[in-house]
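Proteins come first, then strands; the chains are lettered A, B, ... in the order of their sequence lines, and each starts at number 1.
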Number of protein chains: 2
Amino acid sequence: MVDVIQACKTCLETPGSVFENLSQEEKDLLTRRHTSRFYKKGEMIYQIGERPVGILCLAFGKVKIIKEGVTGREQIVRLARPVGFIGYRAFFAEENYLASAVAIEDSVVCQFNREDLLATIHKRPEITMLIMKSLANELGISHDRTVNLTQKHIRGRLAESLLFLVNTYGFEEDGMTIRAYLSREDIANLSNMTTSNAIRTLSIFSDEDVLDVQGRSIKVVNESRLLRICELG
Amino acid sequence: MVDVIQACKTCLETPGSVFENLSQEEKDLLTRRHTSRFYKKGEMIYQIGERPVGILCLAFGKVKIIKEGVTGREQIVRLARPVGFIGYRAFFAEENYLASAVAIEDSVVCQFNREDLLATIHKRPEITMLIMKSLANELGISHDRTVNLTQKHIRGRLAESLLFLVNTYGFEEDGMTIRAYLSREDIANLSNMTTSNAIRTLSIFSDEDVLDVQGRSIKVVNESRLLRICELG
DNA sequence: ATAACTTTGTGTTATAAAACATATCTAATG
DNA sequence: CATTAGATATGTTTTATAACACAAAGTTAT
């Protein structure tokens, strides 16, 4: 079981965190009024329509950001990994959430106080610039996904999603197994296709020796071929 | 013909510009090293892969931000209206452009110097927050579009795009005619469909008295029905 | 252990939309 | 003014993929 108490420290001090260069005093300010909470796999962290109360940071686990389409089919618009913000788009846009966040693994989420965070970034413009860079980067990813999910065919979309998973969560120690164990439904919702077609196409990739699929464990056997499938569309 | 010389003043002083509350001195700093340029309808402003040299602001006209899909089909990912930044995503992500910008009307674009802009926003955190808000807002729009363009059917997608045009450029004085005169191809590229299907579906909407289409002029005759088509998908 | 439920897997059918094929209309060019 | 090119329009064919149907395997609860 993960250590919920240490979660805040993790968010503030993990290398790569936007907060890592804060002074102890500045970190204390953020820590004083923070809360952390454990979420079981499948549990909802926030829901579309709610108002962000603070800013959330994923300390441990994996989280999907989902939107409901007209057909009722769910679409994964983003995947979060530790350590990173979640729900910060709505926070900085000063809007209610336009999507929901659900843990896809047991996760721990810290919440920092709104005013404390704003005071911190006001004092430290370089942090603001880092957050801005992150938002700009996300926007680029989103534009890319819009084009890829609309224009590529099933094989290309699935290959794209698998590479996106690799990019986000990396490989296990073997350097081949994707460090993410999603349901077929989640893979489908990430790739903009039905669950049946995700299952079917995974089988085909397995038959073609591009992947080695054992339940939810997906091994990328031939990454260059996967890349080619992705690029051809 | 628009006044290219006055373009910079327009970018800095138009109500709603993030710069409108700068002091004269601060405006002078930005003005000193700025350039403005006129672009004819159809002309390219920047191209995918190029490095942003400064930050661009659309003073007059209309601009589409496009990405090339695998099939070669172009996808409009954003539409810019005056007064607003263009290419600021790449600027703040510190990346090369991931999309191209093309004038869809005769346009005037100002370019502010990189260092002068950074100095300005460093001195004025509230401007940074406004730009951040704008990026966060764009990201929400992009996530929405991802879901809508992938999940809705042709009628829903076209209705969506027309309402997006209304939202971006508004109506003419009659309160019905969309203040944007795109080619059928551009409408198709905005709606993620072939040109033929855009033309066909516009005709159908016209037959159904939802629209009154006269060449490139599109009058929204029954906005509530258009909204319903959009919502039903 | 058995039942009930969920997830995964695979074959078949139906359909939305792309691709293709022309035709007409409009705008630019010599 | 005639010629050409580009944009708009519409009908037909083809195809990718959703929708459906069902079976098998795993998981959870009683």
Side-chain angles (χ1 to χ4, degrees), chain A residues 40-43 69-75 102 104-106 147-161 180-208 211-218 229 232-233, chain B residues 40-42 64 69-75 102 104-106 147-161 180-208 211-218 229 232-233:
Chain A
K40 222 170 121 64
K41 173 177 168 177
E43 219 178 323
V70 271
T71 58
R73 220 173 77 217
E74 159 187 327
Q75 170 79 37
V102 174
I104 51 176
E105 269 184 14
D106 290 358
V147 178
N148 290 328
L149 292 183
T150 54
Q151 296 205 2
K152 285 182 182 173
H153 285 176
I154 279 205
R155 288 169 63 85
R157 296 208 300 274
L158 183 63
E160 175 93 21
S161 294
Y181 303 86
L182 306 191
S183 68
R184 299 292 191 261
E185 195 181 356
D186 277 340
I187 293 175
N189 293 340
L190 187 64
S191 315
N192 181 39
M193 63 184 67
T194 57
T195 307
S196 308
N197 277 330
I199 291 168
R200 203 189 311 271
T201 313
L202 280 173
S203 301
I204 295 171
F205 284 179
S206 180
D207 289 347
E208 293 174 351
L211 305 176
D212 177 8
V213 183
Q214 299 292 329
R216 294 194 177 188
S217 154
I218 298 173
I229 294 168
L232 291 175
Chain B
K40 220 170 124 64
K41 173 177 167 177
K64 63 177 175 183
V70 270
T71 58
R73 219 173 78 218
E74 158 186 327
Q75 170 78 38
V102 174
I104 52 176
E105 268 186 14
D106 290 357
V147 178
N148 290 328
L149 292 183
T150 55
Q151 296 205 2
K152 285 183 181 172
H153 286 177
I154 280 206
R155 287 168 63 85
R157 296 208 300 273
L158 183 63
E160 174 94 22
S161 294
Y181 302 87
L182 306 190
S183 68
R184 299 294 190 259
E185 194 181 357
D186 276 340
I187 293 175
N189 293 339
L190 187 65
S191 316
N192 181 38
M193 62 184 66
T194 56
T195 307
S196 307
N197 278 331
I199 291 167
R200 202 188 312 270
T201 312
L202 280 173
S203 302
I204 295 171
F205 284 178
S206 181
D207 288 348
E208 293 173 352
L211 304 176
D212 178 7
V213 182
Q214 298 292 329
R216 295 195 176 188
S217 153
I218 298 173
I229 293 169
L232 290 176

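Side-chain atoms of A:R200 come within donor-acceptor range of the base of C:dG11, with a qualifying N/O pair under 3.5 Å.
Under the 3.5 Å distance criterion, the side-chain polar atoms of B:E160 are left unmatched by any main-chain donor or acceptor of B:N148.
Within the structure, no pair that satisfies the salt bridge (charged side-chain N to carboxylate O under 4.0 Å, His left out) test touches residues 192-202 of chain B, not counting sequence neighbours.
Residues satisfying the side chain to side chain contact (heavy atoms under 4.5 Å, CB included) test with A:I204, not counting sequence neighbours, are A:R155, A:E208. For B:K64, the salt bridge (Lys or Arg N to Asp or Glu O under 4.0 Å) criterion is met by B:E74, B:D186, not counting sequence neighbours.
The CG atom of B:D207 sits 10 Å away from the P atom of D:dG11 (whole-angstrom rounding). What separates NZ of B:K41 from P of C:dA27 is a distance of 11 Å, to the nearest Å. When the C1' atom of C:dG9 is taken as reference, atom CD of A:E185 falls 15 Å away, rounded to whole Å. For B:R73 and C:dA17, the CZ to C1' distance is 10 Å, given to the nearest whole Å. For the pair B:L149 CG and C:dA17 P, the interatomic distance rounds to 12 Å; values are reported in whole Å. As rounded to whole Å, 13 Å separates atom P of D:dA7 from atom CG of B:L182. One atom, CZ of B:R184, and another, P of C:dC25, lie 15 Å apart when rounded to the nearest Å. Going from atom CD1 of A:I204 over to atom C1' of C:dG9 covers 12 Å, rounded to whole Å.
If you check residues 151-161 of chain B against DNA chain D, you find no residue with a heavy atom closer than 4.0 Å. Within a heavy-atom distance below 4.0 Å of DNA chain D, the residues of residues 186-199 of chain B found are B:S196, B:I199.
Put simply, the side chain of B:N189 does not reach to within 4.5 Å of the side chain of B:Q75, judged on heavy atoms. In this structure the side chain of B:L149 reaches within 4.5 angstrom of the side chain of B:R157, judged on heavy atoms. Side-chain contact between B:L232 and B:H153 is absent, with no heavy-atom pair separated by less than 4.5 Å. Residues B:L158 and B:I187 meet the side-chain proximity criterion, which asks for heavy atoms closer than 4.5 Å.
Two end axes, each from the C1' atoms of five base pairs, can be drawn for the helix from C:dA1-D:dT30 to C:dG30-D:dC1; they diverge by 40°, to 10 degrees.
With values rounded to the nearest 0.5 angstrom, A:I104 atom CD1 is found 5.0 Å from A:L182 atom CG. In this structure, the separation between OG1 on A:T201 and CG on A:D207 is 11.0 Å, given to the nearest 0.5 Å. A distance of 5.0 Å separates CD1 of B:I218 from CG of B:L202, quoted to the nearest 0.5 Å.
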